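Right, one structure below, let's go through it.
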Amino acid sequence: MDDASSSRAVSAARTGRLEALAPGQAIPFAGDRVAFVTSELAAAFRPGDRLVVVQDTGDLLHIPQTEARAAAAAVECAAAAFSRMGEVSDAAITAFFEAFARRLQDDAVWSAIAAANLGDVESARARGRSTTRLAVSETMRRDMVEGLRVWRDAEPPRGRLLERIEHPGWIVDQVVAPLGVVGFVFEGRPNVFADATGVIRAGNTVVFRIGSDALGTARAIVSQALDPALAEAGLPPGSAVLVDSPAHAAGWAMFADNRLALAVARGSGPAVAQLGAIARQVGTPVSLHGTGGAWLVADGTADADRFFAAVYHSLDRKVCNTLNVCCIVASRAADLLPVFLDALARAGERRRGCKLHMSEADLVRLPEPWRTGRGTVIRAEGPVEEALVDVLSEAQLGREWEWEETPEVSLRIVDSMDDAVGLFNAHSPRFAATLIAEDRAAHARFYATIDAPFVGDGFTRWVDGQYALNRPELGLSNWQNGRLFARGGVLAGDGVFTVRVLVRQSDPGLDRGGATTPPRAG
């Protein structure tokens with residue numbers, strides 16, 4: 001048998017349906033590696049279930065049939081809606097955003113949403129879960145309404161002419177067009193519902209899967225505001241649809257569906273990376289934000305008052321752009337370290353205490369009350385008495401402190417700004433960085449050498465699509481896995497599009513070979 005025949009024989013190997021798994025069963029991944037089925041996975045797997053093998057890691061993900069069906073039905077609904085969106089006017093889309101915003105402003109509607117949210121918050125607390133980003137508030141309500149009205153008033157991108165190339169006898173137009181179905185998985189932050197519907201502005205449809213902690217709130221938003229707004233505006237059912245399942249497996253199934261045109265995951269840590277890997281291996285482009293935590297560097301020319309303000313205002317609450325690591329050059333440690341400690345303590349006064357992490361070598365620089373002091377730290381499980389300062393190794397500088405009510409930050413004394421940049425590029429999630437310096441040349445060098453999509457010269461909390469760019473964000477992406485192709489770190493609804501090419505031929509006799517049109521017979 002020659003090589004070609006052998007290749008055909010291999011590619012024509014028989015296939016079948018997976019009905020069961022056995023403990024210890026070998027599952028190949030990444031071409032030359034093997035993962036083994038655990039006894040728990042084998043016992044749980046049933047006919048009709050699915051097994052997703054993450055090629056990056058060898059993770060074996062069990063998707064029960066019920067979760068697979070729930071995700072598939074939601075994607076099918078959104079795909080059917082997208083097939084009809086070409087006939088939906090921009091005016092109808094505008095009306096949807098106004099109707100959604102108006103319903104959220106309705107006190108009776110919001111009371112129902114808030115009641116559902118209270119149940120979610122109480123359930124999460126009882127299970128020792130974080131509720132920092134889960135609880136709705138009047139501020140969140142206002143921001144959701146404002147975000148929806150940004151999209152209401154935004155210029156419709158569909159049909160926008162990007163480029164026109166004129167040829168003798170014909171014209172080529174490159175035109176903005178809808179991309180398709182956008183899959184969206186996010187943690188327990190109910191306000192993301194309003195952000196994510198922004199993809200509808202460009203004529204796309206969206207499928208949501210929210211964390212189990214916020215599922216009750218999500219159901220209330222859908223029933224009380226989202227679905228009625230879609231119906232009022234005349235948009236197709238399924239233009240925005242919730243995967244109504246508390247199981248992680250529903251998110252895996254959704255991201256494994258190659259009918260998605262884009263997969264967006266908001267959250268932190270390995271779960272987001274895993275979701276991205278699932279989508280990539282079926283050919284779906286992704287937008288991910290895996291780990292947050294901003295870095296702030298004070299160089300030898302830093303103004304103390306500006307440094308104090310930047311630290312203080314970067315620790316008002318815990319989100320992805322909160323200050324996580326601060327670096328102070330050694331030549332200014334004597335005067336700037338007390339400024340940093342004062343700002344941290346003041347930030348703790350408006351929250352509940354503070355927590356610091358430093359290298360063992362730098363501990364000697366701290367005042368005695370900091371080195372030996374203890375305090376109450378609010379953790380997800382409740383108040384815990386801890387040391388004010390813990391030792392932190394260099395390898396741990398990339399760790400994001402997911403604090404609840406107690407501001408928590410790492411501090412590093414460095415030899416120079418360049419050393420701080422090196423630490424950032426080596427250990428951080430390469431997300432947001434700011435430099436406090438009076439030397440403009442230092443700022444230019446900082447921007448040229450730091451590998452971050454978001455770079456500033458003051459507080460870190462500016463990194464937000466709606467706050468900074470007046471465009472409610474679908475997600476903020478960092479550069480953990482390399483720089484983003486042809487876009488910035490903020491993904492907004494009007495950035496989800498494709499480009500179609502339209503030709504208008506005025507000369508019917510065009511011919512690539514130069515031939516003329518022959519006369520018609522008869």
Side-chain angles (χ1 to χ4, degrees), residues 292-359 362-371 373 375 388-389 392 397 401 403 405-421 423-424 428 431-450 452 454-464 467-468:
W295 285 46
L296 185 150
V297 179
D299 89 336
T301 67
D303 176 81
D305 290 338
R306 187 177 182 89
F307 177 57
F308 176 89
V311 173
Y312 177 79
H313 293 298
S314 297
L315 292 170
D316 61 318
R317 62 187 290 252
K318 176 54 194 151
V319 284
C320 65
N321 53 31
T322 299
L323 174 61
N324 197 67
V325 177
C326 180
C327 297
I328 301 174
V329 296
S331 63
R332 295 292 304 279
D335 64 305
L336 289 185
L337 178 56
V339 173
F340 170 82
L341 296 175
D342 186 21
L344 176 59
R346 297 289 187 88
E349 288 173 3
R350 64 174 174 172
R351 304 295 302 189
R352 293 185 65 179
C354 59
K355 178 78 177 185
L356 180 61
H357 302 266
M358 291 184 71
S359 72
D362 291 334
L363 288 178
V364 295
R365 299 176 184 269
L366 290 176
E368 180 67 21
W370 280 87
R371 288 201 307 269
L388 286 178
V389 184
L392 182 80
L397 281 174
W401 303 111
W403 50 272
E405 292 292 333
T406 304
E408 190 164 6
V409 65
S410 300
L411 177 65
R412 183 83 175 187
I413 307 301
V414 295
D415 291 336
S416 66
M417 181 199 77
D418 293 331
D419 288 336
V421 169
L423 290 172
F424 179 95
S428 84
F431 179 51
T434 194
L435 175 67
I436 307 300
E438 296 300 297
D439 181 2
R440 302 318 302 173
H443 280 283
R445 190 169 73 253
F446 186 75
Y447 179 79
T449 56
I450 199 103
F454 304 102
V455 182
D457 64 355
F459 85 137
T460 65
R461 290 272 283 108
W462 68 271
V463 181
D464 176 87
Y467 183 77

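Treat the numbers as computed from the prediction; the structure is a model and nothing was measured.
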State, to 0.1 Å, how close [X] and [Y] come at their nearest heavy-atom pair, and which atoms those are.
X	Y	value
Leu296	Ala310	CD1-CB, 3.7 Å
Asp316	Trp403	C-CH2, 4.4 Å
Phe307	Leu336	CE2-O, 3.5 Å
Phe308	Val339	CB-CG1, 3.6 Å
Ala420	Val414	CB-CG2, 4.1 Å
Val463	Ala432	CG2-CB, 3.9 Å

Are the side chains of [X] and [Y] in touch, meaning some heavy atoms are under 4.5 Å apart?
X	Y	result
Glu438	Arg306	yes
Leu337	Leu411	yes
Ser416	Asp419	yes

Under a 3.5 Å distance rule, please check whether [X] uses its side chain to pair with a backbone N or O of [Y] as donor and acceptor.
X	Y	result
Thr434	Asp457	yes
Asp299	Met417	no
Ser410	Leu397	no
Arg332	Ala298	no
Thr322	Arg317	yes
Thr301	Asp439	yes
Arg461	Asn321	no

- Message: Using the rule given for side-chain contact (heavy atoms from CB on, under 4.5 Å), can you reason through Trp295 versus Arg412, listing the C-alpha separation, both sets of side-chain angles and the distance that settles it, and then say yes or no?
- Response: CA-CA 11 Å; Trp295 285 46; Arg412 183 83 175 187; over 6 Å; no
- Identified side-chain contact (heavy atoms from CB on, under 4.5 Å) partner of Met358 from the options Leu366, Leu392, Val364: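 Among Leu366, Leu392, Val364, the one meeting side-chain contact (heavy atoms from CB on, under 4.5 Å) with Met358 is Leu366.
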Working to the nearest 0.5 angstrom, can you tell me the gap between [X] [atom1] and [Y] [atom2]?
X	Y	atom1	atom2	answer
Cys327	Phe340	SG	CZ	10.0 Å
Leu344	Glu349	CG	CD	10.5 Å
Leu315	Tyr312	CG	OH	10.0 Å
Ile413	Ser331	CD1	OG	10.5 Å
Leu435	His443	CG	NE2	4.5 Å

- Criterion salt bridge (charged side-chain N to carboxylate O under 4.0 Å, His left out) against Glu405, the qualifying member of Arg350, Lys355, Arg351, Lys318: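 The option that passes is Arg351.
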- Hey, is CZ on Arg352 packed in by over 12 heavy atoms from elsewhere, all under 6.0 Å?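 12 or below, so no.
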- Message: Taking ring pair (Phe, Tyr, Trp, His ring centres under 6.0 Å) as the definition, give me every residue that meets it alongside Trp401, ordered by chain and number, with sequence neighbours left out.
- Response: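 Result, ring pair (Phe, Tyr, Trp, His ring centres under 6.0 Å) vs Trp401: His357.
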- Output all residues satisfying ring pair (Phe, Tyr, Trp, His ring centres under 6.0 Å) with Phe431, sequence neighbours left out; order by chain, then residue number.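 Counting only residues at least two positions away or on another chain, Phe431 forms a ring pair (Phe, Tyr, Trp, His ring centres under 6.0 Å) with His289, Phe454.
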- Given Asp418 and Arg445, is the side-chain contact (heavy atoms from CB on, under 4.5 Å) satisfied, shown in steps? CA-CA 9 Å; Asp418 293 331; Arg445 190 169 73 253; 3.1 Å; yes
